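Since the structure is predicted, the reported quantities are computational estimates derived from the model, not experimental observations. Along the sequence shown, the residues carry numbers beginning at 1. Computed from heavy atoms alone, side chains included, the values below leave out hydrogens, waters and symmetry copies.
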Amino acid sequence: MTTNDSLPLGSAASPAGFDRRKALKTIAAGAAAALATPYVRPASAAPTTLRALMWEVYAIPEVIKAFEDKHNVKFSPTFFDGNSEAYNKLRVGGTRDFDLVQADGFWPGLYYREKLIRAIDYAKIPNTAKVFPVFKPDRFKLLTDEATGKHFGVTWCWGSYGTTYNTAMMPKEKVQSIECLFDPEFSGRLATSARFEENIALAGILVATRMGTKDKPRPDGKPFNPYVLSDEELAGVEKLLIEQKKLLLTRYNDNNTLQQLLESGAIAAAPEFAQSYRVLLAKKAKGEIDADFAHQLIPKEGGLGWVDTWLVTSGVADGPMLTLCEQFMDMMLAPEIMKQQALIGGASTTIDIRSIATPEEQKLYLMDRTEELSDMYMFDQPSSTEKWERVWSRMQAA
């Protein structure tokens with residue numbers, strides 16, 4: 001668990017020193033200047049296509065097909081792997097190319113400040129009222145503009161970057177600490193994702209814990225945030241990740257790969273978003289596998305949490321397209337759809353679906369543990385993307 005000095009769930013503060021233009025190496029200066037004013041489509045035309053930039057796991061064919069048939073439109077998704085990728089896509093013309101976008105943690109606030117997304121009206125999306133208390137606007141403030149009180153996104157699914165492990169290969173007392181992912185005892189039987197942000201942030205929590213800097217006053221005067229690491233802490237992270245590199249069997253790129261690694265017994269543990277864990281538990285219940293797996297939601301040093309959200313790009317003007325976006329988000333937040341999303345996509349929902357879930361489903365999808373979200377460090381953008389990329393590059397080259 002994180003302590004009360006952790007970054008508050010509702011904090012809307014932007015990490016200090018984040019130089020966004022330097023971070024976006026692929027964006028030419030002229031292009032960046034041209035995007036200062038977001039593109040807005042004509043509002044009068046009846047929409048025929050709804051375009052979304054999103055995570056692939058959430059695109060359930062039968063749900064999408066039902067929406068297309070009802071509204072006589074084509075849903076056109078483009079998939080991304082991480083927030084940085086989606087951010088870059090939006091910055092180089094994405095407000096022209098997409099109507100909806102997904103993001104998590106502090107990223108929606110960044111999008112809104114840079115005018116990549118627009119404000120929305122919760123009254124036009126009535127299913128937003130069905131969220132668990134911890135996700136209501138008075139507590140989850142990451143989707144509300146502090147200055148104006150306007151909302152710019154709806155919560156969708158949530159979870160942590162916890163550790164899924166084979167209980168016969170790794171003891172429970174080991175996995176309760178981040179140290180297990182850097183323990184030579186499990187050399188060759190560990191895996192992590194290929195995404196640099198989570199790897200560095202998680203290692204940053206451990207490094208700051210070891211150095212004793214996590215609980216001390218920070219240079220920016222704010223509580224510890226694993227996405228705002230000092231140069232000394234980043235140097236420690238680089239050293240730690242280089243040490244970890246020789247212990248890893250692989251860095252996985254997708255949930256299917258991770259599931260196969262765990263199911264085959266090739267690895268003992270890996271940090272993930274619990275989707276593979278739930279698939280493995282379902283296979284165990286059907287008698288398809290013999291191994292037992294568990295998931296550590298929050299390590300004792302502190303863990304990373306995320307809340308996926310739906311957002312409307314600033315290229316959508318008031319009118320038919322905005323209405324279509326509102327109808328899509330409201331449909332996706334319907335309890336029956338959210339249950340289907342949980343069962344198929346393997347993520348916990350921000351909508352309270354306990355009344356239509358079995359006791360087993362309530363436990364599996366953490367419906368009784370939503371309050372734990374307030375003890376996690378929310379996913380964020382690195383305070384210096386350049387520094388983080390250099391750390392990751394040097395680790396890869398080591």
Got more than 12 heavy atoms from elsewhere within 6.0 Å of CD, Glu68? yes
In short, salt bridge (Lys or Arg N to Asp or Glu O under 4.0 Å) pairs touching residues 257-268 with sequence neighbours left out are Glu263-Lys283
Starting at CH2 of Trp388, measure out to CZ of Phe196 and round the result to the nearest 0.5 Å. 7.5 Å
Residues forming a side chain to side chain contact (heavy atoms under 4.5 Å, CB included) with Pro171, sequence neighbours excluded: Glu173, Lys174, Phe186
State, yes or no, whether a side-chain contact exists between Met329 and Thr128 at a heavy-atom distance under 4.5 Å. no
Are Val154 and Met331 connected in a single hydrophobic cluster, I mean Ile/Leu/Val/Met/Phe/Trp/Tyr linked by side-chain heavy atoms less than 4.5 Å apart? yes
Ala270 versus Leu258, closest heavy-atom pair with distance: CB-CD1, 3.6 Å
Do any N or O atoms from the side chain of Gln341 and from the backbone of Thr349 form a donor-acceptor pair under 3.5 angstrom? no
Honestly curious: do Val63 and Val73 fall in one hydrophobic cluster under the side-chain, below-4.5 Å linking rule? yes
Would you confirm whether Asn127, through its side chain, and Asp330, through its main-chain N or O, come within 3.5 Å as a donor-acceptor pair? yes
Residues Leu100 and Thr313: closest non-hydrogen pair is N-CG2, 4.2 Å
Single-linkage hydrophobic cluster Leu190~Ile267, side-chain heavy atoms < 4.5 angstrom: no
Taking Ser160 for its side chain and Ile298 for its backbone only, find out whether a donor-acceptor pair lies under 3.5 Å. no
Distance col, row Phe293:CZ vs Met170:CE, nearest 0.5 angstrom, shows 12.0 Å
Just by modelled atom types, is the Val131 backbone N or O under 3.5 Å from a matching donor or acceptor in the Thr350 side chain? no
Quick one: closest heavy-atom pair of Met321 and Thr49, and the distance? CE-O, 3.4 Å
Closest non-hydrogen contact found for Val312 with Cys325 is CG2-CB, 4.1 Å
Under a 3.5 Å distance rule, please check whether Arg354 uses its side chain to pair with a backbone N or O of Gln362 as donor and acceptor. no
Are Gln381 and Tyr87 close enough that a side-chain donor and a side-chain acceptor fall under 3.5 Å? no
Measure from the side-chain N and O atoms of Ser374 to the backbone N and O of Glu371, and report whether any donor-acceptor pair falls under 3.5 Å. yes
Compare all side-chain heavy atoms of Met395 with those of Gln244 and state whether any distance is below 4.5 angstrom. no
Would you confirm whether Ser383, through its side chain, and Tyr227, through its main-chain N or O, come within 3.5 Å as a donor-acceptor pair? yes
Atom CG of Asp290 with >12 non-hydrogen neighbours under 6.0 angstrom: no
Regarding Glu272 and Ser193, do their side chains bring together a donor and an acceptor under 3.5 Å, going by distance alone? no
side-chain contact (heavy atoms from CB on, under 4.5 Å) test vs Tyr365 passes for just one of Met367, Arg369, Lys363, namely Met367
Would the number of heavy atoms belonging to other residues, nucleotides or ligands and lying under 6.0 Å from CG of Asp69 be above 12? yes
Applied to residues 238-276, the ring-ring contact (aromatic ring centres under 6.0 Å, His included) test, sequence neighbours excluded, yields Tyr161-Phe273, Phe273-Trp306
Would you tell me whether Arg278 and Ser348 have side-chain atoms, one donor and one acceptor, within less than 3.5 Å of each other? yes
What pair of heavy atoms forms the shortest contact from Tyr112 to Arg118, and how long is it? CE1-C, 4.0 Å
A side-chain contact here means heavy atoms from C-beta on lying under 4.5 Å apart; do Ser314 and Ile117 qualify? no
Looking at every non-hydrogen atom in both residues, tell me the closest pair between Thr309 and Pro108 and how far apart they are. OG1-CG, 3.5 Å
Would Thr164 and Ser276 satisfy side-chain contact (heavy atoms from CB on, under 4.5 Å), going step by step from the backbone distance to the final call? CA-CA 8 Å; Thr164 295; Ser276 295; 5.7 Å; no
Under 4.0 Å between a side-chain nitrogen and a carboxylate oxygen: does that hold for Asp97 and Arg51? no
Going by side chain to side chain contact (heavy atoms under 4.5 Å, CB included), name the residues that satisfy it together with Ala168, two or more places apart in sequence or in a different chain. Asn166
Mind running side-chain contact (heavy atoms from CB on, under 4.5 Å) on Leu373 and Met378 for me, showing each step along the way? CA-CA 9 Å; Leu373 186 77; Met378 287 290 98; 3.7 Å; yes
What distance separates Asn253 CG from Asp81 CG, expressed to the nearest 0.5 Å? 7.0 Å
Test applied, salt bridge (Lys or Arg N to Asp or Glu O under 4.0 Å); reference residue, Glu233; option that passes from Lys214, Arg218, Lys387: Arg218
Are Met169 and Leu261 linked, directly or through intermediate hydrophobic residues, by side-chain heavy-atom contacts shorter than 4.5 Å (ILVMFWY only)? no
Between Trp156 and Tyr58, does a ring pair (Phe, Tyr, Trp, His ring centres under 6.0 Å) hold up when you go through it step by step? CA-CA 10 Å; Trp156 168 245; Tyr58 294 137; 5.6 Å; yes
Please verify the inter-ring angle class for Tyr122 with His151; under 30° counts as parallel, over 60° as perpendicular, anything in between as tilted. parallel
Any salt bridge between Glu85 and Arg195, counting N to O under 4.0 Å? no
Could you walk me through whether Phe224 and Ile205 pass the side-chain contact (heavy atoms from CB on, under 4.5 Å) check? CA-CA 9 Å; Phe224 174 75; Ile205 297 173; 4.2 Å; yes
d(Ile200 CD1, Leu202 CG) to nearest 0.5 Å is 11.5 Å
NZ/Lys136: more than 12 non-hydrogen atoms of other groups inside 6.0 Å: yes
I would like to know whether Glu62 and Gln340 meet side-chain contact (heavy atoms from CB on, under 4.5 Å); could you show each step before the answer? CA-CA 10 Å; Glu62 53 267 40; Gln340 192 173 3; 3.3 Å; yes
To the nearest 0.5 Å, how far apart are CE in Met332 and CH2 in Trp310? 5.0 Å
Output every pair passing salt bridge (Lys or Arg N to Asp or Glu O under 4.0 Å) with a member in residues 237-254, not counting sequence neighbours, ordered by first then second residue. Glu238-Arg394
Could you pull out all residues at least two apart from Glu56 that satisfy side chain to side chain contact (heavy atoms under 4.5 Å, CB included)? Phe79
How about Phe328 and Phe75: are their ring centres within less than 6.0 Å of each other? yes
So do Tyr277 and Leu262 actually touch side chain to side chain, heavy atoms under 4.5 Å? no
Euclidean distance, Ile289 CD1 relative to Leu280 CG, rounded to 0.5 Å: 5.0 Å
For the pair His71 and Phe67, name the ring-plane relationship: parallel under 30°, tilted 30 to 60°, perpendicular over 60°. tilted
Under 6.0 Å between ring centres: does that hold for Phe152 and Tyr111? no
Just wondering, more than 12 heavy atoms not from Lys339 lying within 6.0 Å of its NZ? yes
